[in-house]
Protein chains: 2
Amino acid sequence: MNAKSHASPNGSPTALYQRIRGDLERKILSGDWPPGHRVPFEHELMQSYDCSRMTVNKVLSGLATAGLIERRRRAGSFVSRPRVQSAILQIPDLKAEVEKRGEHYGYRLLALEKRGASAADKARIGVALRAPVLALRCRHEAEGQPFALEDRLINLRAVPEAMQQDFSQTPPNTWLVGQVPWTEAEHRIAAEAADEATAAELRIEPGAACLTIERRTWRGGEPITAVRLIHPGHMYDLVARFTPSA
Amino acid sequence: MNAKSHASPNGSPTALYQRIRGDLERKILSGDWPPGHRVPFEHELMQSYDCSRMTVNKVLSGLATAGLIERRRRAGSFVSRPRVQSAILQIPDLKAEVEKRGEHYGYRLLALEKRGASAADKARIGVALRAPVLALRCRHEAEGQPFALEDRLINLRAVPEAMQQDFSQTPPNTWLVGQVPWTEAEHRIAAEAADEATAAELRIEPGAACLTIERRTWRGGEPITAVRLIHPGHMYDLVARFTPSA
DNA sequence: TGATCTAATATGTATAGACAAATAATCGTC
DNA sequence: GACGATTATTTGTCTATACATATTAGATCA
């Protein structure tokens, strides 16, 4: 028996694997199979679809790593309990984002300093006291209007190349993305009132609501960078979308 | 030759698949293999690890669906270009979250109305004009202190059971999670100043910075619910974490 | 030179069979 | 009925093989 004999009956060229996966996903996501429902055993599925166990196994393990089902030996596979409420949060590259909307992107370096890490720096980025760090503060603009303040700390032990970079031209944001690989990241999102300095630099009223995003990244436990982005709350929305089934 | 002969040399019981995957992931995430680098061919890996092609194929396809590599027939597999900056945003179940911290959770239903969808409702949740919706507003408290205002619209055509539910006891939040499966969600995060009513209900100063999260969910294109959560900005942080390698 | 055809190659999908490991169910014993 | 050992079932992993399919590099030809 050869693989071709399993092309779907209607002649569509979809792989059998995809077809089974789609069928099961639909049953689960439609609520047809509620959480806790037992998915057919592998040997039942191989009969239904007239295929080998490897094929249905691949489908079921895939669904398991995607979190749609849970599998227990001897017991079977079960539709997972209520989905965790999670979403993919896209942290945009500001320059690319602005230009994608056809607006003119502007950038201004406000301050740059190489220094030994202070106690505050240490708390923020997690390097040793007096370890070399690069601190910079800059402003992003769209059509001449400030829309984000970036306050960044870079661990120079992890990213020594940062010293060679001319940050008066390239935003650190844009440079670091794609330059330095990371393995872990943490984000913290909060709303705060703008203080005097921030308000002046963003050209908004002191006390106005701002959306702040703090982001820290590591590579194998070593801190890379910590950044704090302050957006005027009214002009910036973060949109996160989630659709199951990669 | 049997499967057992591939137990890792040091006697660890890890599956060969896991070991290969770990090895390759480390190479990629450490930056050892930079973006664009060609991963060894399947036949090369099967020689290195002395295993069958199916095994390395499973590893490589896994890495591909995880987005770490890209595969091209005849050309080979390549480490992906700079990772998209995305993160898993955990939208917590408020009640569970508060109780997890050992604090007393309180809840108060402020308003509940069944009505035909207004134009505003239509814009917000996407149902037809005058379609039946359930609108409710409630407050979440931790240790007696308000920390979130929930303003929700439920599409009664999609979730008729909502009418039977006693929302003066159970937060809609908690009830909907795990009750109604969904396939798509959209989140919008912004900072806003509290208006008079909001400030009174949250017991904060009018104009204080608030973190608002809007969330809309669908099931197969049909709107389920739209919710707006308003948090006093100072007391609520959202933490999102990302670690590659499911 | 440039376009086109051809063969080689790497991945994509699938099969059938094998043994390992975990665990639910059963049976036997006290 | 409670407890413990045994058995059966299901998933987890792996092998060796096969053919399909996309794509590239090289050969061929206009």
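A quick note: this is a predicted structure, and the numbers were derived from the prediction, not measured.
Out of dT9(D), dA8(C), dT13(C), the shortest distance to the side chain of Arg74(B) is found at dA8(C). Side-chain proximity of Ser52(B) to the nucleotides dA14(C), dA22(D), dA16(D) is greatest for dA16(D).
Counting non-hydrogen atoms under 4.0 angstrom, Ser77(A) reaches the backbone sugars and phosphates but no base. Within the nucleic acid shown, Gln18(B) comes within 4.0 Å of sugar-phosphate atoms alone, with no base atom in reach, counting heavy atoms only. In this structure, Arg72(A) reaches the sugar-phosphate backbone alone: every heavy-atom distance under 4.0 Å involves primed, P, OP1 or OP2 atoms, never a base.
Nearer to the 5' terminus of DNA chain C, by closest-nucleotide assignment, is the contact made by Tyr17(A) (compared with the other of Arg53(A) and Tyr17(A)). Checking Ala75(A) against Ala75(B), the closest nucleotide of DNA chain C that is more toward the 5' end is the one next to Ala75(B).
The aromatic rings of His140(B) and Tyr105(B) are tilted relative to each other, their planes meeting at an angle between 30° and 60°.
Distance CZ (Phe41(B)) to C1' (dA8(C)): 12 Å, rounded to an integer number of Å. Put simply, CE on Met54(B) is 10 Å from P on dT15(C), counting in whole angstrom units. Regarding Arg71(A), its CZ atom lies at a distance of 16 Å from the P atom of dA22(C), rounded to whole Å. One can place CE of Met46(B) at 9 Å from C1' of dA16(D), the figure rounded to the nearest angstrom. Here the C1' atom of nucleotide dA14(C) and the CZ atom of Arg19(A) are 14 Å apart, to the nearest Å. For the pair His43(A) NE2 and dA8(D) P, the computed distance is 16 Å after rounding to whole Å. Atom CD in Glu70(A) sits about 19 Å away from atom P in dT10(D), given to the nearest Å. Atom-to-atom, CZ of Arg73(B) to P of dA22(D) comes out at 6 Å; the value is rounded to the nearest Å.
In this structure, Ile69(B) CD1 and Glu25(B) CD are separated by 10.5 Å, a value rounded to the nearest 0.5 Å. Of the inter-residue distances, the one linking Glu42(B) atom CD with Gln47(B) atom CD reads 13.0 Å to the nearest 0.5 angstrom.
Taking a 6.0 Å sphere around CZ of Arg157(B), one finds it holds 12 or fewer heavy atoms contributed by other residues, nucleotides or ligands. For Arg38(A), the CZ atom counts as densely surrounded, since its 6.0 Å shell holds more than 12 non-hydrogen atoms of other residues, nucleotides or ligands.
Under 4.0 angstrom from either OP1 or OP2 of dT15(C) there lies at least one side-chain N or O belonging to Thr55(A).
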